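For reference, the structure is listed below as structure tokens.
Protein chains get the first letters and strands the later ones, always in sequence-line order, with residue 1 at the start of each. For clarity, every value in this text was computed on a predicted model and none was experimentally measured.
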Protein chains: 2
Amino acid sequence: MAKLQKSIDKRNALVKATIQLVNNNGFHATSMSKIAKMAKVSPATIYLYFENKQDLVNQTYLEVKSGYTDYAFANYNPEMTVEAGFRLIWHRIADFKLKECESALFLAQCDNTPMIDEPSRQEGIKHLQPLLDLWERGKKEGIIKPISNYLLYAYTINPLSFLMSAQIRGTFVLDKNQIEEAYQAAWSSIKLCN
Amino acid sequence: MAKLQKSIDKRNALVKATIQLVNNNGFHATSMSKIAKMAKVSPATIYLYFENKQDLVNQTYLEVKSGYTDYAFANYNPEMTVEAGFRLIWHRIADFKLKECESALFLAQCDNTPMIDEPSRQEGIKHLQPLLDLWERGKKEGIIKPISNYLLYAYTINPLSFLMSAQIRGTFVLDKNQIEEAYQAAWSSIKLCN
DNA sequence: AAAAAAAGAATGAACGTTCATTTTTTAGTA
DNA sequence: TACTAAAAAATGAACGTTCATTCTTTTTTT
């Protein structure tokens, strides 16, 4: 196998091991030696690919985050109507959170603890811009309530994180019907009509 | 000072130190000796009040959680109409999350990492029952959408956690107007009317 | 044969927890 | 009330372990 491919494989194994260990045991119980063992690599090898533990976690976060936003906007086109665009993006995000739950769970943990440093967190937020632009357009066109983007996010996208967690914890299953109900709840919370 | 009071004070200091350290540095960076130092106590003393670190964290979680639900339902009365009851509980929860943000931030971290063990987590959920009962009544009366309580929670209560985090991170401030906008978003996402 | 990648063993520091001792509180006696 | 002895509470130092990271050597690739 080519050297480069082997390197990529090893790096990916490390990133994947980090995600799985943090998901199952929490960041506090995820040590470098456990990551190394799960990735079938020497602890010392990690330091050929990452500066230190913080760097490993930051890079893992950014990789997962951009996988998420790439998926969310993959077939979005800014020419769409506001409602169609929102429906599309919302469903892509729902899809991602429910299918790629390993990634989604990891992001939920990162977003709620200080395990990620602030620069990486800021970097991760940038990728959501197309959705924010869509919302601004929706407000101008009088289709979406004229409220802060934080509110719009809190009431349409953030609930999906909670539902994903509940689903993983096994207390609840989101079927197709419920996803549609969730979409209706999201849309009715932000649409402007009477 | 009475012996009992002194004990209570010390226990409270330990619980408070745990909350503050976990909030500021994360669970992974919160050690027993740091907790002891912040509570102005010897590390050994912690073990007079708590079995071990996990027990300290579990107990802290349950204490904060019941403070939260006590506040939420303090002036709620099951005789109220569905809409009035919901409005009241929602505003109490919003109040708590924005004023007692130390507690709220701690709970948000607990709810998104495996730092709390499963029995304590289950215990913490029980206290929300009055809200679930209210929702069931609302569904029967045709006032609230006939959807899962998980969805109702995700779209009305959970967004407040996100807004609280954003506010603490300083990227956003929720004023009185915005709280009312948030309430309208929450209510319009679950109320039943064409 | 030289260079790069990977390894295991070793590092000091920090961890959660316990131990032996000291300090504080309590309760009984004068 | 003042004194004292037993009990309880609290301590700092020390325990064995594990941590993140580095060092030296071996293996693999060029």
Side-chain angles (χ1 to χ4, degrees), chain A residues 1-61 106 109-110 113-117 120, chain B residues 1-61 106 109-110 113-117 120:
Chain A
M1 204 189 316
K3 171 209 116 180
L4 186 61
Q5 187 53 50
K6 247 183 103 172
S7 281
I8 293 174
D9 288 347
K10 224 162 250 190
R11 217 196 89 105
N12 287 344
L14 285 166
V15 167
K16 185 164 190 184
T18 303
I19 295 169
Q20 291 183 337
L21 284 168
V22 169
N23 279 349
N24 291 325
N25 311 113
F27 187 43
H28 69 282
T30 299
S31 67
M32 294 300 258
S33 54
K34 282 182 193 160
I35 294 170
K37 191 171 281 179
M38 182 173 260
K40 288 178 182 158
V41 137
S42 159
T45 303
I46 300 180
Y47 293 85
L48 300 174
Y49 293 87
F50 303 95
E51 238 176 77
N52 51 37
K53 192 182 182 184
Q54 185 67 58
D55 182 47
L56 165 59
V57 173
N58 285 343
Q59 288 201 39
T60 300
Y61 171 73
F106 182 76
Q109 257 193 92
C110 292
T113 77
M115 71 191 239
I116 300 296
D117 63 22
S120 301
Chain B
M1 201 190 318
K3 168 212 121 181
L4 186 62
Q5 187 53 50
K6 249 183 101 173
S7 280
I8 293 175
D9 288 348
K10 223 161 249 187
R11 216 196 90 105
N12 287 344
L14 285 166
V15 166
K16 186 165 189 181
T18 303
I19 295 168
Q20 291 182 339
L21 284 167
V22 168
N23 278 350
N24 291 327
N25 311 114
F27 187 44
H28 68 283
T30 299
S31 67
M32 294 300 258
S33 54
K34 283 182 192 159
I35 293 169
K37 190 170 282 176
M38 181 170 263
K40 288 178 184 158
V41 135
S42 157
T45 303
I46 301 181
Y47 292 86
L48 299 175
Y49 295 87
F50 303 95
E51 237 177 79
N52 49 39
K53 192 182 183 184
Q54 185 66 58
D55 182 47
L56 165 59
V57 173
N58 286 341
Q59 288 200 37
T60 301
Y61 171 73
F106 182 76
Q109 256 193 92
C110 291
T113 77
M115 73 191 238
I116 301 296
D117 63 22
S120 301

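Distances were taken from every side-chain heavy atom of B:A44 (C-beta onward) to each of C:dT17, D:dT21, C:dC19; the shortest belongs to C:dC19. Nearest to the side-chain atoms of A:Y47 among the listed nucleotides D:dT21, D:dT11, C:dT17 stands D:dT21.
Atom CG of B:L48 is separated from atom P of D:dA8 by 13 Å (rounded to the nearest Å). Here D:dT21 presents its P atom at 9 Å from CD1 of A:I46, a figure rounded to the nearest Å. In this structure, the CD atom of A:Q54 is 12 Å from the P atom of D:dA20, given to the nearest Å. Going from atom CG of B:D9 over to atom C1' of D:dA9 covers 15 Å, rounded to whole Å. The interatomic distance linking B:N52 (CG) with C:dT18 (C1') rounds to 13 Å, in whole Å. In this structure, A:L56 places its CG atom 15 Å from C1' of D:dC19, rounding to the nearest Å.
Interatomic distance, OG of B:S120 versus OH of B:Y61, reported as 8.0 Å (0.5 Å rounding). Atom CG of B:L48 and atom CG of B:L14 lie 10.0 Å apart (nearest 0.5 Å).
For the contact set between residues 19-41 of chain B and DNA chain D, defined by any heavy atom under 4.0 Å, the members are B:V41.
The shortest side-chain heavy-atom distance between B:F27 and A:T113 does not fall under the 4.5 Å cut-off.
Using modelled atom types, one side-chain atom of B:K34 and one backbone atom of B:A29 make a donor-acceptor pair closer than 3.5 Å. Using modelled atom types, one side-chain atom of B:Q109 and one backbone atom of B:V22 make a donor-acceptor pair closer than 3.5 Å. Side-chain N or O atoms of A:N23 include one that pairs as donor or acceptor with a backbone N or O of A:F106 at under 3.5 Å.
Between D:dA9 and B:K10, no contact under 4.0 Å exists linking OP1 or OP2 to a side-chain N or O. At D:dA10, none of the side-chain N or O atoms of B:S42 fall inside 4.0 Å of OP1 or OP2 (strictly under the cut-off). Taking 4.0 angstrom as the limit, B:Y49 places a side-chain polar atom (N or O) nearer than this to OP1 or OP2 of D:dA10.
In this structure, a donor-acceptor pair under 3.5 Å is present between the side chains of B:N58 and B:Q54.
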